[in-house]
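Report on one structure; see the data block that follows.
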Amino acid sequence: MQETAATRAAGVLACRPGMKIITWNVNSIRQRLPRALALLERHRPDILCLQETKVTDEEFPLMELGAAGYHAAIFGQKSYNGVAILAREEPASVTRGFPGNPVPEEARVIAARIGGLALVGAYVVNGKEVGNPAYDVKLEWLDAFADWLAATYDPAEPLLVVGDFNVAPDDRDVYSAEAWRGKNLASEPERDRIARLRGWGLTDVARAHHGDVEGPFTFWDYRMGAFHRGWGLRIDLVLASAGVAARVTDVTVDREERKETTGEGKPSDHAPLIVTIEG
DNA sequence: ATGTCACTTTACAAGTGA
């Protein structure tokens, strides 16, 4: 098919048929490498975006992931944060970080172009709790991130912004609206920042695909048996421009990955979010 | 709300971040 302004705007050339994209907060790629390799084998995604890799670029397991058939664009730091894009096709035009970031020393954003798609992988500042200085940094970070997206991308083109947003967009995205009302991860100022991204032209594809239901959750705290008790949150998101969102055929959470019994070693506290897009 | 996990360090326990 010949690419034209019209087809590009419609997102028609966003990706190949059956393109599968996964976003997953791994909580240490060193601890999670066997599970990450098994995940790639299980789903054979075209793209896997990782957050909280927690390693410097020198320590990132490029060899093992390369042997599994994946190119990697990485942006890491010692001990904390760290993001990566793994892809069967080599990522192009890779950028790391973004201008205006109030905490530029923290490795939280990596972007690339893959298969006609603009892809941004993000690990949003956690914020600790409302009233903590870290919470104000979180809001500043989300504002700067949205400013950068608007200055860099056009929601009329095929665009995916994915990752751990550390925000549950509305009350359906927490296991208890009452318990979470006004709390960090669910407070209105954070939700307003996510709403701004939607207003700019991005669709929250898990919400769009699942409709007016609770979840699907992607995170369960390690403590208090939260997973077993169903105490989950939906804080990992895939946000897509309209042309891409219209071609989403499937959105699932790999809850098996959150179980102790799945695969080798311990689970991350996040489960992978899997989005399939038709060509 | 905090019963865990992963990180670090003049390490073998305790603080930090989530």
Side-chain angles (χ1 to χ4, degrees), chain A residues 23-37 39 49-61 64 74-84 101-109 121-142 145 163-169 171 173-187 190 193-194 214 217-237 255-273:
Chain A
T23 180
W24 186 29
N25 179 322
V26 283
N27 185 19
S28 171
I29 190 59
R30 278 192 299 225
Q31 295 301 317
R32 227 64 64 201
L33 184 59
R35 280 174 173 258
L37 291 169
L39 180 82
C49 292
L50 299 175
Q51 301 87 38
E52 282 206 87
T53 55
K54 296 188 172 179
V55 289
T56 60
D57 291 351
E58 293 70 31
E59 296 171 305
F60 194 91
E64 293 88 339
I74 58 179
F75 182 35
Q77 67 178 88
K78 182 178 162 74
S79 308
Y80 300 111
N81 309 312
V83 286
N101 180 358
V103 281
E105 68 279 14
E106 298 183 357
R108 294 181 176 277
V109 171
Y123 173 50
V124 175
V125 172
N126 174 286
K128 295 187 192 292
E129 61 181 342
V130 175
N132 189 296
Y135 177 82
D136 299 313
V137 172
K138 179 184 199 174
L139 298 183
E140 289 170 27
W141 194 98
L142 283 165
F145 182 59
D164 177 0
F165 283 75
N166 271 316
V167 180
D171 283 350
D173 301 316
V174 299
Y175 61 86
S176 166
E178 197 171 337
W180 283 91
R181 183 145 296 119
K183 297 262 177 46
N184 185 48
L185 307 181
S187 69
E190 303 166 63
R193 270 61 178 191
I194 302 302
E214 182 182 83
F217 298 146
T218 62
F219 164 84
W220 298 261
D221 197 292
Y222 281 126
R223 293 167 290 185
M224 298 185 71
F227 182 67
H228 183 69
R229 295 159 92 154
W231 292 356
L233 304 176
R234 190 174 73 89
I235 57 177
D236 299 273
L237 307 177
R255 294 171 57 94
E256 293 300 310
E257 183 51 55
R258 183 60 182 78
K259 297 179 180 175
E260 300 283 344
T261 49
T262 301
E264 198 179 323
K266 295 181 175 182
S268 170
D269 44 0
H270 294 250
L273 175 62

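Naming convention: chains lettered A, B, ... in sequence-line order (proteins, then strands); numbering from 1 in each chain. Note that the coordinates shown come from a computational prediction; the quantities given were computed from them, not determined experimentally.
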Original post:
Mapping A:N166 and A:E59 to their closest nucleotides on DNA chain B, which lands nearer the 5' end?
Top reply: A:E59

Original post:
If each of A:H270 and A:A179 is mapped to the nucleotide of DNA chain B with the nearest heavy atom, which maps nearer the 5' terminus, i.e. the 5' end?
Top reply: A:A179

Subject >> Side-chain N or O of A:K266 closer than 4.0 Å to phosphate OP1/OP2 of B:dT4 >> reply: no

Original post:
Relative to the ring of A:W141, is the ring of A:F145 parallel (under 30°), tilted (30 to 60°) or perpendicular (over 60°)?
Top reply: parallel

Which atoms of nucleotides 10-15 of chain B (N or O only) lie under 3.5 Å from a protein N or O atom, and what are those distances?
none

Ignoring the backbone of [X], work out which of [options] is nearest its side chain.
X	options	answer
A:K54	B:dC7, B:dA18, B:dA1	B:dC7
A:Y175	B:dC5, B:dT8, B:dA1	B:dA1
A:S79	B:dA18, B:dT4, B:dC7	B:dC7
A:K78	B:dT9, B:dG3, B:dA18	B:dT9

**OP:** Can you sort out which residues in residues 24-35 of chain A have a heavy atom within less than 4.0 Å of DNA chain B? Ascending by number, please.
**Re:** A:N27, A:S28, A:R30, A:Q31, A:R32

Original post:
Under the side chain to side chain donor-acceptor pair (under 3.5 Å) test, which residues partner A:Q77, sequence neighbours left out?
Top reply: A:N81

Value in whole Å for how far the [atom2] atom of [N] lies from [atom1] of [X]:
X	N	atom1	atom2	answer
A:D269	B:dG3	CG	C1'	15 Å
A:F227	B:dT2	CZ	C1'	19 Å
A:Y222	B:dT4	OH	P	13 Å
A:R229	B:dT2	CZ	C1'	10 Å
A:Y135	B:dA18	OH	P	15 Å
A:M224	B:dT4	CE	P	10 Å
A:D221	B:dA6	CG	P	13 Å
A:L233	B:dT2	CG	P	16 Å

Original post:
With a non-hydrogen cut-off below 4.0 angstrom, is A:W220 in contact with a base, only sugar-phosphate, or nothing?
Top reply: nothing

**OP:** Only pairs at least two apart or in different chains count here, so list each salt bridge (Lys or Arg N to Asp or Glu O under 4.0 Å) that has a residue in residues 122-141 of chain A.
**Re:** A:K138-A:E190

**OP:** Quick one: which residue pairs count as a salt bridge (Lys or Arg N to Asp or Glu O under 4.0 Å) with a foot in residues 224-234 of chain A, not counting sequence neighbours?
**Re:** A:D173-A:R234, A:D204-A:R234

What integer number of Å spans the [atom1] atoms of [N] and [M]?
N	M	atom1	result
B:dG17	B:dT10	P	16 Å
B:dG15	B:dG3	P	15 Å
B:dT2	B:dT16	C1'	16 Å

Residue list, side chain to side chain contact (heavy atoms under 4.5 Å, CB included) with [X], at least two apart or on another chain:
X	answer
A:E260	A:K266, A:P267
A:R223	A:D221
A:A84	A:L50, A:T53, A:F60, A:I74

Subject >> All salt bridge (charged side-chain N to carboxylate O under 4.0 Å, His left out) counterparts of A:K78, not counting sequence neighbours >> reply: none

**OP:** Working to the nearest 0.5 Å, report the span between CG of A:N166 and CG of A:L185.
**Re:** 5.5 Å

Subject >> Test item: side-chain donor near acceptor, A:T23 and A:Q51, under 3.5 Å >> reply: yes

